[in-house]
Structures are given as C-alpha cells and as structure tokens.
Amino acid sequence: RTDVAPIRRRKPGRPPQEPVPEPDPAEMYLPSVEHFLPELPAWLAAIPDPRVRPDLCTFSMKHLALLALLVHGSQLGSLRKMDVNRRCRVFVENFHTLLVATAGTEPEAQATADLASFQVCSTDNLNVVLEHVDPLELERVAARCTRRLNDAKVLRRLKHDDLLVVAVDG
C-alpha cells in the first residue's frame, strides 16, 4: 500500500559488522615456536656450515636451516612455490620477524635488523648448500623438535595405540 509509511526502517537481516582482520601468520607462528621449541635457535646454530668461507656468504646457515624448516612447515609442497613466495612482501616481513626472533643477541641479529635491505635466500641456493650438509644434522633437529613436541603432549591426538606414527618422504 502506498498510503502507509514503511514500518521497516532498514534492510532485513543482521546489521553488517566490521570484518575481523586476519591474524598475521608470523604473529601466530612465532609464539608457538617460542613456547614449544625454545631451544630451536640453539639447535639451528649447531648445524655446521659446509661452505668453505661462510664469513663471505650473504646468508647464514641459520637463515638457510630456518628457511628449509619453513618449506616443510608451511606445507607449500615444492621449492618452486617457496621461490615464488619468497618474493612476496608479506613473506619477507614474516620470515624477517622469525629470523630476528631466533637470532637473539648474536651478531646475526644486527645483520638482519634492517627490513628494507633484507632478502630471503633463493631456493636454488638453499638446495645447493643443503646438499652438502650432513643429513644426520638435519635429522637431529627434526628428531629434537618431534621429541620436544611429544614431551609437551602436542602430538597426543596424532598417536595410534599410544605410539607416534611418523611418515618420512624422500
């Protein structure tokens, strides 16, 4: 009817709300790493650098080891996807945050403090260096991480018959 003022003063349904901002992945990842794996920086620093002159190299062994962990931890699936992501500003900022947080008071902390000049190592370079790293060292870090997470009962829901099932690819 045209002679009755509309009763409804607004559109039907709930009023629109402000969208909830998505959390920054580094802000979620870093507290988890610091809480469950506080020894991770020391474990990464213990991996010997296979390069002849590591003092002349742009990227530290800790940088390379942390990037290698992120390839698997971020479930990207391939080095090619990681190489694409390493050029994204958000990934660079997040990786910079993680690297500075794990550097602590070491000289590397001062070297990586400047975000403007910070770069993420290419996956080709990562692959070349990791080919010369003793696999036992990387296995040690993975085993320590798994043991620590198992002790903290993080992996409890993944157990089958009270045993942790681990699948290794490669």
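Atoms considered below: every heavy atom in the structure, side chains included; atoms not considered: hydrogens, waters and symmetry mates. Fair warning: this is a prediction, and the values are worked out from it, not measured in the lab.
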- Check the pair V141, E137 against side-chain contact (heavy atoms from CB on, under 4.5 Å), reporting the backbone distance first and the verdict last. CA-CA 7 Å; V141 172; E137 297 295 332; over 6 Å; no

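Nearest heavy-atom pair across V33 and L40 is CG1-CD2, 3.8 Å. The nearest pair of heavy atoms linking P50 to H132 is CB-O, 3.4 Å. When all heavy atoms are compared, the tightest approach of R86 to S122 is NE-CA, 3.3 Å. Summarising the geometry of A65 relative to L44, their closest heavy-atom pair is CB-CD2, 3.7 Å, with the distance given to 0.1 Å.
Here the side chains of D134 and P48 are not in contact, with every heavy-atom distance at 4.5 Å or above. Side-chain contact check for L126 versus M82: every heavy-atom pair is 4.5 Å or farther apart.
No continuous path of hydrophobic side-chain contacts links L70 to V84 [ILVMFWY only; heavy atoms under 4.5 Å].
Between F59 and H63, the ring planes lie tilted relative to each other; the angle falls in the 30° to 60° range.
Applying the side-chain hydrogen bond (donor to acceptor under 3.5 Å, both in side chains) test to every pair with at least one member in residues 35-53, sequence neighbours left out, gives these pairs: E39-R148, D49-R51, R53-D55.
To the nearest 0.5 Å, the span separating CG on L64 from CD1 on I47 amounts to 9.5 Å.
Partners of R157 by salt bridge (charged side-chain N to carboxylate O under 4.0 Å, His left out), not counting sequence neighbours: none found. Residues forming a salt bridge (charged side-chain N to carboxylate O under 4.0 Å, His left out) with R87 (at least two apart in sequence, or on another chain): D83. Judged as a salt bridge (charged side-chain N to carboxylate O under 4.0 Å, His left out), and not counting sequence neighbours, R156 has no contacts. Residues passing the side chain to side chain contact (heavy atoms under 4.5 Å, CB included) test with L155 are T146, L149, N150, L158, L164, sequence neighbours excluded. Not counting sequence neighbours, E139 has no partner by the salt bridge (charged side-chain N to carboxylate O under 4.0 Å, His left out) test.
The side chain to side chain contact (heavy atoms under 4.5 Å, CB included) test with V120 is passed by exactly one of N94, N85, V92, L99: V92.
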